[in-house]
Amino acid sequence: MFKKKIIFLLGPTAIGKSAIAVHLAKKINAQIISCDSMQVYRSMGIVTSQPSSTQRKRVKHHLLGVINASSEYNVARYRKDALVICNKLFRKGKVPLFVGGTGLYYSVIVDGIFPSVAEDKIIRARLSNQLRLKGNNYLHEKLSKVDPLSAKKIHPNDSRRVIRALEVYMKAGAPISALQKSRVGLDNEYEVKVFALNAKRQALYDKINQRVSKMFNSGLINEVRRLLKHKLSKTAFCAIGVRELEGYFNGEYSLDEAKRLIRRNSRRYAKRQLTWFRKDKRIKWINIKDKQRPGEIAKRIWKKLY
RNA sequence: GCCGAGAUAGCUCAGUGGUAGAGCGCGGCCCUGAAAAGGCCGGCGUGGGGGGUCCGAUUCCCUCUCUCGGCA
C-alpha cells in the first residue's frame, strides 16, 4: 500500500531552516509544523527567531506563538498538538513538513513517547526538598534500589532526570526504564523522510553571530523587557536571550557582555543540537556552502524526496 | 639608537633544572512530561630561532628576531 509522507527538516539554530522550508513547502504542497520548543510561545517572536510574517503568509505554519509565555509547555503536549495537526493536514491532502531544531520533539513524533505518567508537582517538590537536604547521591541511591537500569544510565549530578525517574516509579509503580520500551513510532504507518541542514562549524558560528546582531536590531531588548514584566513559565524563561538580558537589566554586567553571552550560549546550543542529530542514522544531511540560496537548497532536498 | 620588560594552549596568563598547568574559549558525548533546559568527559602545546653549561633545559648563560613600555 502507498504510505503517506511525513517530512522533517532539522538543523542547528540559525542555519537557515525557515527560509528553505518555505521554498520546499511551496514545491510539495506542504504546510509547516514547527518542531521547536521555544517558538510555540507568544510575544517571543524576536528572541526565538520565529519565521517572518511574509514567510508565514506564503505557507501556513502551525504551532508558532500559540502558547502564553507564562504557561508551561512540554514534550507530551507537543506530541499531542502536533499529531492532531498532522492528521488534519492529511485530511486536506497536504504534506506535513516538520521544521525545527528541538531534537527531543522530533524524536517523540517519530519514535513515540512512553505512556502517560504526567508531572506531579507534589512528588517533585518532595524529592527536590530531599535533594537539597541530603544531596545528589542520596536520591541516586534511592533510584538504584527501585530502578537499577535507569540509575546506571543517569549520572547522580543529573538530578532533574533522577527526580523524574523516581517520580515515574512512584506514580506508575514501574521503573521508567521498563516503560520507556513501549514506544510506538510513525515508521510503520508513514513514509518518514528526515533531512538536516549543516555547514562548516565556522560558517555556522558566523551565521549565529549575524543572527544575534539582527535580533538586537529588530528590537530584542524591548521585547525581552516587556516579557520580563510578567512571570514567565520555567520553559519560556530558558529561551536564550532572556536570562542574558535580565542580567544586563539588573545591572550585573554591560550590554556588550549580554551580547557576548547570547552569542556564546547560542553556539553551545547549536553544538548540542548537532550531537543529538548526528547519532540519528535516518537523517540525510544537506551541507550548505557559502553562497547557496534557500531556493537552490530546497531544490536539492526536493530531488532527494522521490 | 639607548634602557627596561616580555615571547609558554585559540586568548589572557601561572609555574618548574627532571619535556608543563589555570581561567576563558573550543571539541566530544548523554538525553522520553523544563529539552534554547539539564548532565558527563576531554589540555587541544615542536615552551620565538640558534648556540652553550649540565647526566638532563621550558626553566641557567650567550646571541638573533619580534612585541610592549620609557628615553632620545
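Remember, it's a predicted structure, so these values are computed and weren't measured experimentally.
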Next on the checklist: Between A:E257 and A:R260, does the salt bridge (charged side-chain N to carboxylate O under 4.0 Å, His left out) criterion hold? Intermediate values first, please.
Outcome noted: CA-CA 5 Å; A:E257 176 64 4; A:R260 211 203 96 234; 2.8 Å; yes

Checklist entry - Is it true that A:E167 and A:R164 have a side-chain N and a carboxylate O under 4.0 angstrom from each other? => result yes

Checklist entry - Just wondering, are more than 12 heavy atoms of other shown residues or ligands nearer than 6.0 Å to NZ in A:K88? => result no

Checklist entry - If each of A:E167 and A:R243 is mapped to the nucleotide of RNA chain B with the nearest heavy atom, which maps nearer the 5' terminus, i.e. the 5' end? => result A:E167

Checklist entry - Please give, in whole Å, the distance from B:A37 P to A:Y73 OH? => result 19 Å

Item to check | A:K271 side chain, from C-beta outward: closest of B:G38, B:G27, B:C24 | outcome: B:G27

Item to check | Whole-angstrom distance between B:G25 and B:C3, as gauged at atom C1' | outcome: 37 Å

Checklist entry - Base, sugar-phosphate alone, or nothing: which one does A:Y205 contact when heavy atoms must sit under 4.0 Å apart? => result sugar-phosphate

Checklist entry - Just checking A:D111: base, sugar-phosphate only, or nothing, at a heavy-atom cut-off of under 4.0 Å? => result nothing

Next on the checklist: For the P atoms, the ones on B:G4 and on B:C64, what distance do you get once it is rounded to whole angstrom?
Outcome noted: 14 Å

Checklist entry - With both distances under 3.5 Å as the test, what is the Watson-Crick or G-U wobble partner of B:C68? => result B:G4

Next on the checklist: Looking at A:R201, I'd like to know whether one of its side-chain N or O atoms comes within less than 4.0 Å of OP1 or OP2 on B:G27.
Outcome noted: yes

Checklist outcome for this item: Separation of B:A34 atom C1' from A:I113 atom CD1, nearest Å, is 13 Å

Item to check | B:G39 phosphate, OP1 or OP2, under 4.0 Å from A:N157 side-chain N/O | outcome: no

Checklist entry - Would one find a side-chain N or O of A:Y105 under 4.0 angstrom from OP1 or OP2 of B:A34? => result no

Next on the checklist: In this structure, how many angstroms lie between the P atom of B:G38 and the CG atom of A:L139, rounded?
Outcome noted: 18 Å

Checklist entry - How far, in whole Å, is B:G42 from B:A5 if one measures between their P atoms? => result 40 Å

Checklist entry - Would A:K304 count as a cation-pi partner of A:W302, with NZ or CZ less than 6.0 Å from the six-membered ring centre and within 45° of the ring normal? => result no

Checklist entry - Using 30° and 60° as the class limits, which term best fits the ring planes of A:Y73 and A:Y78: parallel, tilted or perpendicular? => result perpendicular

Checklist entry - According to the Watson-Crick and G-U wobble definitions, with both distances under 3.5 Å, which nucleotide is paired to B:G18? => result B:C55

Checklist entry - Looking only at atom C1', what distance separates B:A14 and B:G6, rounded to whole Å? => result 15 Å

Checklist entry - Which nucleotide in the set B:C26, B:G25, B:A37 lies at the smallest distance from any side-chain heavy atom of A:R160? => result B:A37

Checklist entry - Of the candidate nucleotides B:A37, B:C26, B:U32, which contains the atom at the shortest distance from the side chain of A:L104? => result B:U32

Checklist entry - Paired with B:G33: which nucleotide, if any, by Watson-Crick or G-U wobble criteria at under 3.5 Å for both distances? => result none

Checklist entry - In whole angstrom, what separates A:R124's CZ from B:G38's P? => result 15 Å

Next on the checklist: Is there a side-chain contact between A:R272 and the phosphate of B:A37, meaning an N or O under 4.0 Å from OP1 or OP2?
Outcome noted: yes

Next on the checklist: Measuring from the side chain of A:E119 (C-beta onward, heavy atoms only), which nucleotide among B:G33, B:C30, B:G39 has the closest atom?
Outcome noted: B:G33

Checklist entry - Just to confirm, is there a sub-4.0 Å distance from OP1 or OP2 of B:G28 to any side-chain nitrogen or oxygen of A:R278? => result yes

Checklist outcome for this item: Tightest non-hydrogen contact, residues A:P12 and A:K17, listed as O-NZ, 2.9 Å

Next on the checklist: Please give the distance between the C1' atoms of B:G45 and B:G21 as a whole number of Å.
Outcome noted: 11 Å

Next on the checklist: Just to be sure I understand the rule, does A:V47 reach a base, reach only the sugar-phosphate, or reach nothing, if contact means heavy atoms closer than 4.0 Å?
Outcome noted: base

Checklist outcome for this item: Taking a pair to mean Watson-Crick or G-U wobble geometry with both distances below 3.5 Å, B:C26 pairs with B:G42

Checklist entry - When we call it a touch if two heavy atoms are under 4.0 Å apart, what does A:V108 touch: a base, just sugar-phosphate, or nothing? => result nothing

Item to check | Minimum-distance nucleotide (side-chain atoms of A:R161 versus B:G33, B:C31, B:C29) | outcome: B:C31

Item to check | B:U32 to B:C24 separation - C1' atoms, rounded to the nearest Å | outcome: 34 Å

Checklist entry - What interatomic distance, in whole Å, is found between C1' of B:C13 and the corresponding atom of B:C60? => result 23 Å

Checklist entry - B:C30, B:C26, B:A37: which one has an atom nearest the side-chain heavy atoms of A:R264? => result B:C26

Checklist entry - What's the OH-P distance between A:Y269 and B:A34, to the nearest Å? => result 17 Å

Item to check | Separation of the C1' atoms in B:C30 and B:C11, to the nearest angstrom | outcome: 29 Å

Item to check | side-chain hydrogen bond (donor to acceptor under 3.5 Å, both in side chains) partner of A:Y269, the single match among A:R267, A:Q273, A:K271 | outcome: A:Q273

Checklist entry - Touch check for A:S159, heavy atoms < 4.0 angstrom, all strands: base, sugar-phosphate only, or nothing? => result nothing

Next on the checklist: Does a side-chain N or O of A:T275 approach OP1 or OP2 of B:G28 to a distance below 4.0 Å, or not?
Outcome noted: no

Checklist entry - Rounded to the nearest Å, what distance is computed from the NE2 atom of residue A:H140 to the C1' atom of nucleotide B:G39? => result 11 Å

Checklist entry - Should A:K171 be listed as having a side-chain N or O under 4.0 Å from OP1 or OP2 of B:G33? => result no

Item to check | Between P of B:G25 and CD1 of A:I208, the distance in whole Å | outcome: 14 Å

Item to check | Nearest-Å distance for atom pair NZ/C1', residues A:K152 and B:C40 | outcome: 16 Å

Checklist entry - Does A:K259 count as lying over the ring of A:F216, i.e. NZ or CZ under 6.0 Å from the six-ring centre, within 45 degrees of the axis? => result yes

Checklist entry - With a non-hydrogen cut-off below 4.0 angstrom, is A:E244 in contact with a base, only sugar-phosphate, or nothing? => result nothing

